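All chains are named by letter (A, B, ...) in the order of the sequence lines, taking the proteins before the strands, and each is independently numbered beginning at 1. None of these values were measured; they are calculated from a predicted model.
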2 protein chains.
Amino acid sequence: MALGIRERTLDSSRAAILEAAARCFHERGYAATSIDDVARALQSTKGRIYHHFESKADLFAEVFRAGMDMNYAALEPLRSMKAEAYQLWRRFAWVHVDQMITTRAFQRVVWMGVEMHLVGAPTPHQRALFEELFETRSRYGDIFRKLIAEGRETGHFHFPNLSVANQLMFMTLNSPIFWYSPRTGETRADVEDLIAQVVTCAWRGLGGTEGTTT
Amino acid sequence: MALGIRERTLDSSRAAILEAAARCFHERGYAATSIDDVARALQSTKGRIYHHFESKADLFAEVFRAGMDMNYAALEPLRSMKAEAYQLWRRFAWVHVDQMITTRAFQRVVWMGVEMHLVGAPTPHQRALFEELFETRSRYGDIFRKLIAEGRETGHFHFPNLSVANQLMFMTLNSPIFWYSPRTGETRADVEDLIAQVVTCAWRGLGGTEGTTT
DNA sequence: TTGACAACATACCCGGTAGTATGTTCATCA
DNA sequence: TGATGAACATACTACCGGGTATGTTGTCAA
C-alpha cells in the first residue's frame, strides 16, 4: 500500500521544523530564540511547532539528536575499515570536519547543548532526555579519543596528557562551526581544501609525525 | 587631599558589578542572564546596577571592554621586547592563554560578544559602542596575525592560508575558556603545565618547527 | 458520506524581565 | 548645620514569550 499524504508529509514537515530551528538557534542562540522566531522562519505559526514538539527544550533536544545522528551516519561507512589507528584518525577527522561545515547549524546546536549542559532543563523528563543525548555525544567523542590514545602508543602521536590533547583536537576540528561561512562561488574543491587545512592543523597539534599526512 | 569614601568606593563597586556580571554571563549566557540574576549574585538589587550602567547591553559591553583591557594590560610588558617574530609569538601566546584561564569569565564574555556581533543591539548608540569594541578586539588579533605572518616568512611557521591559520590558532589558544575549570588543590605549576600544552599545540598547528620550543 | 483525527492556525493567559519612577540614607561641603 | 547629590533600595509598568485552549480544514477509513 502506498503511503498516504499524512505519512509522506509528516516526516518532511518535522524535518523542516528541525531545519528552521537549527538555523534560528545557530544565529541567535537558545535563549534568544523564540518559538515565534522559528515559526516565522517557516512562514508558519506556533501551533505547527507545538503540534510536533512538546516544548522549546524538547525541540532543541531533537535538533541536537538530529545533529548527532548525522555525525554517526557520516562515520558509519568507515567504521568497518581496518587500518592503523593514526590512519583511521585522518579519515574520521576528515569526515567530522566535513560534517561541521556542511551541517554546521545542527552541529552548532550540539555544541550549545554540551555547553549549556543541564542549565535550563527543569523537568526530570527533560533532564533524562539531555543526559541520554550527552552520553551519545560522549560515546562519539570516545571514538576519537581511543584513536589518538592508540596512535600515541604506536608512536605516531606525541602529547603529554590525553584529555587535554583530546579537548584541543576537538576544538580545532569543531572550529568551523564558529568561523566558517560559505563564500559566493565557492566550489566543493575549496571546501575540501579548507577541511584539509583543519585536519592537518589538528594532526600537527597532536604531535603527528610530519610527512605521514596521507 | 585624601580620597573621600565616594571616590574610593565608586570604582570598587563598579568593578564588583562587572565581576558578578561576568560570572553570570559566563555561566548562563547573555540572553538567559537577567539583571536580577546579577543583582542576586551581588546580594543587592537592580537599582545599584542601573545606577552604574545604562542598560543590560551597556553592562555587557563594559564587561567586554574590561576583558579586552586585561588582555592588553597583560601583553603590555612584552610589547617593547625585541626578538624574532616566532619567539615573540611564543611569549605572547603564553600570556594570552594565561589570560584565558585566569580571567576566563571576562574572556568568555568577549567571545560571546564577538559571536553575537550586533544581534540584539537595537539603538544606534549601542551599535556604535560595539563597533568600537570589535575594532579593539580586531586590533588585538592583528598582533598575533602579524607575528605568524612574519614567522612564516622567516621559515619558522608553515601553513597555506594566513586567515585560516589565524582562526585555528586563536581557536586553540582561546579554548580554555570552554573547557578549563580549576581543580581542587591545583597549583600554579599545574596551570602553567596546562598553558604550555595549549601553546605547544597551537605552535605545532602553525607548522612550527619542532625542537624550537623554547 | 460521514465520523474521526491529524495538521495545523488563532486567540488567549500568565510569569518573567528590562527599564523607570520614586523613596531613603549618608557623606561632603558651603 | 543644613542643603545637595551620590549611591543605592523599593515599587511599579509594559511587554515579550512559553505554553495552552480552542477553532478550522483536509484526509482517510469504514
Look at the side chain of A:K46 against the base of D:dG19 and say whether a donor-acceptor pair falls under 3.5 Å; ignore hydrogens and angles.
-> yes
Round to a whole Å and report the spacing from CG of A:L42 to P of C:dA7.
-> 15 Å
Got a donor-acceptor contact below 3.5 angstrom from the A:R145 side chain to the A:R139 backbone?
-> no
Closer than 4.0 Å, any side-chain N/O of B:H51 to the OP1 or OP2 of D:dA7?
-> yes
From CZ of A:R40 across to C1' of D:dG18 the rounded distance in Å is 14 Å
Does B:H52 put a side-chain nitrogen or oxygen below 4.0 Å from OP1 or OP2 of D:dA6?
-> no
In whole angstrom, what separates B:K56's NZ from C:dT20's P?
-> 15 Å
Closest to side chain of B:R48, choosing from D:dC8, C:dC8, D:dT20 | D:dC8
How many angstroms lie between CE in B:M81 and CG in B:L88, if you round to the nearest 0.5 Å?
-> 6.0 Å
Of A:T33 and B:T45, the one whose closest DNA chain D nucleotide lies more 5' = B:T45
Send over the distance from A:D37 CG to D:dG18 C1', rounded to a whole Å.
-> 12 Å
Between A:S44 and C:dA9, does any side-chain N or O lie under 4.0 Å from OP1 or OP2?
-> yes
A:F157/A:Y86 under ring pair (Phe, Tyr, Trp, His ring centres under 6.0 Å): CA gap, chis, key distance, verdict = CA-CA 8 Å; A:F157 293 139; A:Y86 74 97; 7.2 Å; no
Residue B:S34, side-chain heavy atoms: nucleotide from D:dT20, C:dG19, C:dT17 that is nearest | C:dT17
Atom-to-atom span, CD1 of A:I49 to P of D:dG19 - whole angstrom | 12 Å
Side-chain donor or acceptor of A:Y72 paired with backbone N/O of A:T136 under 3.5 Å | yes
Round to a whole Å and report the spacing from CZ of A:F60 to C1' of D:dG18.
-> 16 Å
Expressed in angstrom and rounded to an integer, what is the separation of B:I35 atom CD1 from D:dC16 atom P?
-> 18 Å
Rounded to whole Å, CG of A:D36 lies from P of C:dA11 at a distance of 14 Å
Ring centre gap for A:F178 and B:W111 strictly below 6.0 Å | yes
